[in-house]
Amino acid sequence: MIFTPYYHRIRHALSETFRRFPFSILCSLAFCIISIMYNQIGNSTIYLATLFCGWCWFVAIKLFWESQCYRRRYSYLVAIPVFLILGYYIRSEIILNVNIMVLGIGLFLIIFCAPFFNKFRNNLQFWLFSYRLWCRIAYGLFAALILFLGVAAVLSCLEYLFSLRLFKNQYTDFWIISFTFFFPVLLLTGIDSSFDTEPEEEMAKPVYYLLEYLVVPLIFIYSLILYAYMVKIAITRALPQGKVAYLVSSYGCVGILTYLAGIPIEPTRGRYFKIFREHFFKILIFPTILLAVGIAYRFQQYGLTESRYVLALCLVWFVLVILFFFVVRPQLFAKAIYIPLPLLLLLASFGPWSVSDLPAIEQSRRLHKILADNHIIQDGLIISGSHKVNVKDRESISGILDYLVKCKKTDVLAYWFNDVQSQKILTSKEHINPEKIASMIGIQYVNRNQRSDRDTSFSYDMRKEDYLNTTNYDYCIPFLYLSVFDDRQEVITREIKISELGQSIIVSFDKTLNTLTIKKGKDLLITIILSDLLEKLQSASKEEIQKKGVGVFHGNGDVSAQLIFWNISGKTIQKTNKAKVEGLQFGLLFGNRKPETGK
């Protein structure tokens, strides 16, 4: 009887949660069952995506309805039709693509602001609700992990002591149950139904110390680096590098989230955070301009892609945030900068302007222009036959085909072909090789590693024989391997101890000078300038490399030595056109007698 009150409390909490979020709990239950029956249900990822989006939607609409004090039964008249539309839209996508991912993220993020779509609730209330919800998520994940570990321990004991196994995949099944049903239900039981509470001062102390002494100083340092880079651009008049857009967007997102996290901190408290709160959005103006220039430059070069679309969303968000900073009242500013984020994600998840469809349309437009310039397409149809196209255009066409295949958007090309077979291939959701599409167009495909805008990999195999001729040598080290990825130092050094000699063989590879040096103790055995070797390798065929013994080097000192390369690999840097060695495989012979001629 001691557990009776506890049991009643649990039953009451679950009953209230089910009454409040019935459809969300049903989505969790269906998600759990389908996950367990994954192998029996075809294309289950679409159903799982539908249920996840449905769970988020039902939670968000319920919180919004409660915040507006509308009657409960009317919420179903809105929630259920919208869920059916979501399910139909996701099902129409057939495969799990970026649109569905963006839709899911947007619906999840809108849960945090759903009760605050009015002017009566302020920043502090918004912060407290979000803070508690994130804490509940962390607590729910931890509780689900504890539940799984506890049940797994019980099951393992039953299996070990009594050879009793309840299910075939019992550990996997209970993992799924813990995190797809127990966790979301536990999360729902802890969601506040009151949205007017403001945080106490003590609650913000841990956040204050984290932001004041760690996060904000790092943001200031990052700001100085970005501004120094912008000064460099102004002096050199060089356009921003390709990855700068990602750095700036990360910087802006972290800065905005830091501002949101510090909402309950008093305006007069904290030296660094006070400066951050007053000036960060002014500082963000020039990095936002830099982001816009970087996106525009890459768009002009390679067109719109999904990653650049996401960067453009960040750019729009930053512009709105900066604008709101100057025009929105401080009491409502936090809501004003957060709410556009999920709304932008939702807007980008459907329609011809979506994150998946718009880049595909833009890339197909670029491809159409290149084909039209080369007289391969006329009146909207591909002219059959083989076509001569210069290398630069073939590289551009191959890159566009790679992108369309990767994003499974080859169907945008189907209407360029007259024959039904080609249309069937391009509209199929099965993987299609970009070389196949290039041959259908009538051009030669250029492999990714062979394009001029990329670093070109190389690997020279110099094995004439699979063994070493040890005649006239006292010692043999048949195989040594050096890689630039094994050591970050500029000079990679390996020491091989030889007990019979009482000395060590020291192998040194200088990445900057591209030299390989072999020493026995203090005695120099061999020094090889790899740049000279690579020049010989680039001008020789595979047969010539092995016949001429290009990879064989002899020592010139008092100690006889011979080094035989098995393989050299690396890449040619496109910007400098210089070869960079990344891996060396070789064998080493040495002794006190000189090798015979021709050996």
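All of these numbers come straight from a predicted model, not from anything done at the bench.
To the nearest 0.5 Å, atom CZ of residue R394 and atom CD1 of residue I441 are 12.5 Å apart. Within the model, atoms CZ of F286 and CG of L226 stand 13.0 Å from one another, a figure rounded to the nearest 0.5 Å. In this structure, I383 CD1 and L371 CG are separated by 10.0 Å, a value rounded to the nearest 0.5 Å. In this structure, OG in S349 is found 11.0 Å from CG in L344, a value given to the nearest 0.5 Å. Summarising the geometry, atom CG belonging to N514 is positioned 10.0 Å from atom CD1 belonging to I529; distances are rounded to the nearest 0.5 Å. In this structure, OG1 on T180 lies 12.5 Å from CZ on F52, to the nearest 0.5 angstrom.
Dense packing is recorded around OH of Y171, with more than 12 heavy atoms of other residues, nucleotides or ligands lying under 6.0 Å away. The 12-atom threshold is not exceeded at OH of Y272, counting heavy atoms of other residues, nucleotides or ligands nearer than 6.0 Å. More than 12 non-hydrogen atoms from other residues, nucleotides or ligands lie less than 6.0 angstrom from OH of Y481.
Contact check for I100 versus I46: side-chain heavy atoms found under the 4.5 Å cut-off. For the pair D510/T517, no side-chain contact is recorded, criterion being any heavy-atom separation below 4.5 Å from C-beta on. Contact check for F586 versus I528: no side-chain heavy atoms found under the 4.5 Å cut-off. Between I370 and I400, some side-chain heavy-atom pair lies under the 4.5 Å cut-off. V389 has its side chain out of reach of Q444: every pair of non-hydrogen atoms, C-beta onward, lies at least 4.5 Å apart. Counting heavy atoms from C-beta on, the side chains of I505 and L525 come closer than 4.5 Å. Using a 4.5 Å heavy-atom cutoff, the side chains of N567 and S459 are in contact. Annotation: side chain of Y227 is in contact with side chain of I283 (closest heavy-atom distance under 4.5 Å).
The side-chain hydrogen bond (donor to acceptor under 3.5 Å, both in side chains) check on D532 picks up nothing, with sequence neighbours excluded. Partners of K409 under the side-chain hydrogen bond (donor to acceptor under 3.5 Å, both in side chains) rule, at least two apart in sequence or in another chain, are D357. With sequence neighbours left out, the salt bridge (Lys or Arg N to Asp or Glu O under 4.0 Å) criterion links E362 to R365.
Side-chain N or O atoms of S428 include none that pairs as donor or acceptor with a backbone N or O of K424 at under 3.5 Å. The closest donor-acceptor contact from the side chain of N97 to the backbone of N99 lies under 3.5 Å.
Nearest heavy atom pair, residue R298 against residue R308, reads CB-NE, 3.5 Å. Across E495 and S504, no two heavy atoms sit closer than the pair OE2-OG, 3.0 Å. Here the closest non-hydrogen pair linking S364 and W416 is O-CH2, 3.3 Å. Nearest heavy-atom pair across P478 and W566 is O-NE1, 3.1 Å. Pairing each heavy atom of F318 with each of G252, the nearest pair is CZ-CA, 3.5 Å. Scanning both residues, V446 and S398, for their nearest heavy atoms gives N-OG, 3.0 Å.
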Verdict with reasoning, Y309 to V98, per side-chain contact (heavy atoms from CB on, under 4.5 Å): CA-CA 11 Å; Y309 190 107; V98 181; over 6 Å; no
Audit row: F590, I526, side-chain contact (heavy atoms from CB on, under 4.5 Å) steps and yes/no: CA-CA 10 Å; F590 63 95; I526 297 175; over 6 Å; no
Verdict with reasoning, Y251 to S223, per side chain to side chain donor-acceptor pair (under 3.5 Å): CA-CA 8 Å; Y251 163 78; S223 302; 2.6 Å; yes
Verdict with reasoning, Q363 to L367, per side-chain contact (heavy atoms from CB on, under 4.5 Å): CA-CA 6 Å; Q363 292 295 336; L367 179 59; over 6 Å; no
L247/Y229 under side-chain contact (heavy atoms from CB on, under 4.5 Å): CA gap, chis, key distance, verdict: CA-CA 12 Å; L247 298 177; Y229 180 70; over 6 Å; no
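With L584 as the partner, the side chain to side chain contact (heavy atoms under 4.5 Å, CB included) test is satisfied by one option alone out of I492, L530, V507: L530. For the side chain to side chain contact (heavy atoms under 4.5 Å, CB included) with L426, the lone residue among T410, V412, L404 that qualifies is T410.
Between Y302 and Y403, the ring center distance fails the sub-6.0 Å criterion. In this structure, the ring of F179 has its center less than 6.0 angstrom from the ring center of W175. Not less than 6.0 angstrom separates the ring centroid of F280 from the ring centroid of F273.
For the residue pair S356 / S354, no side-chain donor-acceptor distance below 3.5 Å is found, with atom types taken as modelled.
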